[in-house]
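Because the structure is predicted, anything quoted here is derived from the model rather than measured.
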Amino acid sequence: MKYLFLFLSTFAFAQQTKSVDFKTVKGHITINTNTKSITGVVTYSFEVLKPVDTIKIDAQNMTFSEVALNQKKISFKTNGKELLLIYPFQKGKNFIQFTYEAKPKQTLYFVGSEVTDNLQIWTQGQGKYTSHWFPSFDDVNEKVIFNMEVTFDSKYQVLSNGILKNKIEDKDMTHWTYQMKKPMSSYLLMVAIGKFEKSTLKAKSGTPLQMYIAPKDTAKHEPTYRYSKQIFDYLEKEIGVKYPWKIYRQVPVSEFLYAGMENTSSTIFTTRYVVDTIGFEDRSYTNVNAHELAHQWFGDLITAQSGKDHWLQEGFATYYALLAEKEIYGDDYFYSKLYESSLQLKQAAKTDTIPVLSAKASSLSFYQKGAWALHVLREGIGEKAFKKAVKNYLQKYAYQTVTTQNFFDEIKKVSNYDLQNFSKVWLETAGFNSEIANALLSKNNTMKVQLEVAKLRNKPLAEKYPFFEKTLQSGVYFTAKSSIVGQLMKEKFEDKKELLRLALQTQNLQVRQAVASTLQKIPEEFRTEYETLLNDKSYQTQESALYYLWNNFENKRVDYLEKSKDWMGFNDFNLRILWLSLAVSTPKYTANKETYLQELINYSSPNYEATTRQNALEYLINFNVINEAILKNLVNATTHHMWQFSKFGRDNIRILLKNPEIRITFQTILPSLNEKEQFQLDRLLKE
């Protein structure tokens, strides 16, 4: 009977939203940095729609006490995944209150430390993960009005969803109270804690736009958040529905798992996009900024009922971000990005057999093919009809969950467009219809040139030379010129040198960058012209140019190192790390070599973010600079919360273990590692 009860309960829980409607929640939480744990008192109000004997709240590995229904203690159970409230619930309104404690292994992340004055704490609940740090609902169909009170050290800023209603200081602690007015799915709940500076703008509609940044990065505030107000104002007008929340804030955090996350009213994004004016040219936050903001409507205001309809969030956010960028950068940029994604989708279609309308579809399908589907639809029914349908769709299903059919129903009201065929081609069938895509791309003059360049890919250079020459000298958008440079990569230098000179003479950063990255063997006769790339206002170009010049001209290495000795690059120190690697590997550059090595090793340590560390470790390994400190830092990488970095650590250790001497060194350092590091290295040693 026990097993039958568990089976029936599991089935019933999947249908819980039909029996119980949770309305509001008030959480009062305290976060302990020493134990990396969280405690809290939570109060949910809910309405029982029909009698039920068990109600569940998702709660991963939490302990509970003081569980009371309408101020009376009731029986409860936990199974490691849920809090089970056991009671003969009858129709009507109720509230449940309980105390909980958790030590999350994921979703709530502690980065940096108070000792080094760079502590940050942040959450990432995308999917079904908020229940690791706050008792909530993995089912996106259960939307709740969240109110959060967070108690933390007064030296730090605490951010959460909604309006900051109260901030009370009590000795060394501050109580921050945030309030939402409308319901949302639990995965959109957030907390971000750190030392931040804040600036505020107002949108045309009056919505406050709060932008945070770490004190050390205040000089980068403007280029980081460039165009933010313009993007906000544009999307409100283009979508036709007023921004649905009372405030919008954005905050960059260290070691974030993704580019950004659209938590309701409060976007978190990675510090990779904290840039100065030069960095903006290569690593602009503009697209991510627009994408996460678009999600405040498509994902937060309305949420896909299931993974099958995930494109209703990612496809829409991707497309509206492109429309916002079109407003900023123009038509040529917009079409060039559509063209770029069409090439990716065409390539992926060779192996990807899963259509958009599937929970198992790839990110490329959800995001890029979803965006293409919307572009096809918008062009097919006309901009006016499309905007009307989207507006009606958002207003009708506001604060609810939706399906693709819900969206189609609104399209049918404004157009006789053949949605059945549209859905079959773009949503229900794998592959990518290049014929339709190219026809739409050809509406743009630059794309006509771009497509012509693509057709010539397999032609002999002599045959396409006149066209390439004419195009490089024309005023066509840079992407077409960069494509030409890309096609020249495998050609003999003598045959292409004049075209490369024309590319450099465009003075366009991106076209010149294409030369920097594709010309890996530089003849002496072209050295002086190639050296001009070192002066470009692009950290990416400078990195390629410095490396290839150093690699090609041994007798000039000291000169190049002297010229670049003060370069730092992006906030991941890409230029400094490259410079240190080259300086350590240049015999004639003897000054302070040991100091440079120690600095490079330090960049590979936990003192820095994963992207910086990985960059440093790659250079150290590639230049065959290996010692115990470097191997320890590599082992530490395997314990990192970013799976890409931990995988990088494991993969490189496996390769290094093939060397008997290095294997012995790994065995030697094993006892000095912490418990997590020992576990990872021991497992790799035994493979």
Legend entry - Criterion side chain to side chain donor-acceptor pair (under 3.5 Å) against Q450, the qualifying member of T479, N444, T471: T479
Inset, instruction - Verify ring-ring contact (aromatic ring centres under 6.0 Å, His included) between W372 and Y367, making sure each step is shown before the conclusion. - result: CA-CA 9 Å; W372 257 106; Y367 287 68; over 10 Å; no
Inset, instruction - State whether the number of non-hydrogen atoms from other residues, nucleotides or ligands found under 6.0 Å of N458 atom CG is greater than 12. - result: no
Inset, instruction - Answer yes or no: is there an ion pair linking R654 with E687, defined by an N-O contact shorter than 4.0 Å? - result: yes
Legend entry - W579 side chain reached by Y596 side chain, heavy atoms, under 4.5 Å: yes
Legend entry - Interatomic distance, Q614 atom CD to S646 atom OG [nearest 0.5 angstrom]: 10.0 Å
Inset, instruction - Over all heavy atoms of both residues, which pair between D495 and Y465 is shortest? Give the atoms and the distance, please. - result: O-CE1, 3.5 Å
Inset, instruction - For side-chain contact (heavy atoms from CB on, under 4.5 Å), just list the numbers for Y234 and L323, CA-CA rounded to whole Å, side-chain angles, deciding distance to a tenth of an Å, and then say yes or no. - result: CA-CA 9 Å; Y234 170 79; L323 291 174; 3.5 Å; yes
Inset, instruction - May I ask you to decide if T611's main-chain N or O and D572's side chain share a donor-acceptor pair within less than 3.5 Å? - result: no
Legend entry - Heavy atoms of other groups near E562 CD, more than 12 under 6.0 Å: yes
Legend entry - Minimum side-chain heavy-atom gap L597-V625 below 4.5 Å: yes
Inset, instruction - Check step by step if side chain to side chain donor-acceptor pair (under 3.5 Å) holds for Y329 and E325. - result: CA-CA 6 Å; Y329 301 124; E325 288 187 294; 5.4 Å; no
Legend entry - Check: T639 side chain, N636 main-chain N or O, donor-acceptor pair, under 3.5 Å: yes
Legend entry - Spacing of NZ belonging to K565 relative to CG belonging to L561, to within rounding of 0.5 Å: 10.5 Å
Legend entry - Whether over 12 other heavy atoms sit under 6.0 Å from Q473 CD: yes
Legend entry - Sidechain-backbone polar pair: K481 side chain, V511 backbone, donor-acceptor under 3.5 Å: no
Inset, instruction - Evaluate ring-ring contact (aromatic ring centres under 6.0 Å, His included) for Y608 paired with F573, printing each intermediate quantity in order. - result: CA-CA 10 Å; Y608 292 89; F573 307 100; 5.8 Å; yes
Legend entry - Working for ring-ring contact (aromatic ring centres under 6.0 Å, His included), residues F334 and H375: CA-CA 11 Å; F334 173 77; H375 184 61; 5.6 Å; yes
Legend entry - Nearest heavy-atom neighbours spanning I577 and Y619: CG2-CD1, 3.6 Å
Inset, instruction - Considering non-hydrogen atoms only, spot the tightest contact between Y589 and K593 and give its length. - result: O-CE, 3.0 Å
Inset, instruction - Decide yes or no for F666 and L631: does some side-chain heavy atom of the first lie under 4.5 Å from some side-chain heavy atom of the second? - result: yes
Legend entry - Note, T224 side chain near P252 side chain (heavy atom, < 4.5 Å): no
Inset, instruction - Locate the shortest heavy-atom distance separating N627 from I601; write the atom from each residue and the value. - result: ND2-CD1, 3.4 Å
Inset, instruction - Would you kindly say whether S604 and N633 are connected by a side-chain donor-acceptor distance under 3.5 Å? - result: yes
Inset, instruction - For A317 and A294, work out which heavy atoms get closest and say how close. - result: CA-CB, 3.9 Å
Inset, instruction - Without swapping roles, check the side chain of Q540 against the backbone of R283 for a donor-acceptor pair under 3.5 Å. - result: no
Legend entry - Check against salt bridge (Lys or Arg N to Asp or Glu O under 4.0 Å), K229 and D233: CA-CA 6 Å; K229 182 180 181 302; D233 291 338; 2.7 Å; yes
Legend entry - Whether S585 side chain and L582 backbone form a donor-acceptor pair below 3.5 Å: no
Legend entry - Side-chain heavy-atom pair R501, E529 within 4.5 angstrom cut-off: yes
Inset, instruction - Decide yes or no for L534 and S564: does some side-chain heavy atom of the first lie under 4.5 Å from some side-chain heavy atom of the second? - result: no
Inset, instruction - Indicate whether any N or O donor in one side chain lies under 3.5 Å from an N or O acceptor in the other, for Q513 and D536. - result: no
Inset, instruction - Check whether the side chains of N535 and K563 place a donor and an acceptor atom closer than 3.5 Å, and report yes or no. - result: yes
Inset, instruction - Would you check if the side chain of T518 reaches a backbone N or O of G486 as a donor-acceptor pair within less than 3.5 Å? - result: no
Legend entry - Flag, side chain of E554 to backbone of N551, donor-acceptor distance under 3.5 Å: no
Legend entry - Gap separating the CD1 atom of I354 from the CG atom of L364, nearest 0.5 angstrom: 12.5 Å
Inset, instruction - Any chance you could measure L322, atom CG, to N287, atom CG, to the nearest 0.5 Å? - result: 6.5 Å
Inset, instruction - Could you check if a side-chain atom of Y539 sits within less than 4.5 angstrom of a side-chain atom of M568, using non-hydrogen atoms only? - result: no
Legend entry - Electrostatic pair D651:K647 at N-O distance under 4.0 angstrom: yes
Legend entry - D352 and K369 ion-paired at < 4.0 Å: no
Inset, instruction - Let me see the working for K556 and D559 under salt bridge (Lys or Arg N to Asp or Glu O under 4.0 Å), right down to the final yes or no. - result: CA-CA 5 Å; K556 297 279 292 180; D559 294 338; 3.5 Å; yes
Legend entry - Any donor-acceptor N or O pair under 3.5 Å, side chains E594, Q598: yes
Legend entry - Side-chain donor or acceptor of N622 paired with backbone N/O of E618 under 3.5 Å: yes
Legend entry - From R226, Q250, R272, residue fulfilling side chain to side chain donor-acceptor pair (under 3.5 Å) relative to Y285: Q250
Legend entry - Under 3.5 Å: donor-acceptor pair, side chain of K496, backbone of V485: no
Inset, instruction - Please step through side-chain contact (heavy atoms from CB on, under 4.5 Å) for the pair F570 and I278, ending with a clear verdict. - result: CA-CA 9 Å; F570 297 109; I278 296 175; over 6 Å; no
Legend entry - Smallest separation among heavy atoms of T541 and A516, with atom names: CG2-CB, 4.0 Å
Legend entry - Beyond-backbone contact of W311 with L374, side-chain heavy atoms, under 4.5 angstrom: yes
Legend entry - Atom pair CZ (R613) and CG (L634), whose distance is rounded to the nearest 0.5 Å: 9.0 Å
Legend entry - Charged tip of R576 within 45° of Y603 ring normal and under 6.0 Å: no
Inset, instruction - Please test K470 against E452 for salt bridge (Lys or Arg N to Asp or Glu O under 4.0 Å), starting from the C-alpha separation and ending with a verdict. - result: CA-CA 13 Å; K470 180 182 176 182; E452 188 62 33; over 6 Å; no
Inset, instruction - Say whether, by atom type as modelled, one donor and one acceptor occur between the side chain of E255 and the main chain of A610 under 3.5 angstrom. - result: yes
Legend entry - Aromatic ring pairing H221/Y225, orientation class (parallel under 30°, perpendicular over 60°, tilted between): tilted
Legend entry - Y320 vs L235, side-chain contact (heavy atoms from CB on, under 4.5 Å): CA-CA, chis, key distance, verdict: CA-CA 8 Å; Y320 276 89; L235 285 179; 4.1 Å; yes
Legend entry - Side-chain H-bond candidate by donor/acceptor type, N602 with N607, under 3.5 Å: yes
Legend entry - Ion pair check, E281 and R512, cut-off under 4.0 Å: no
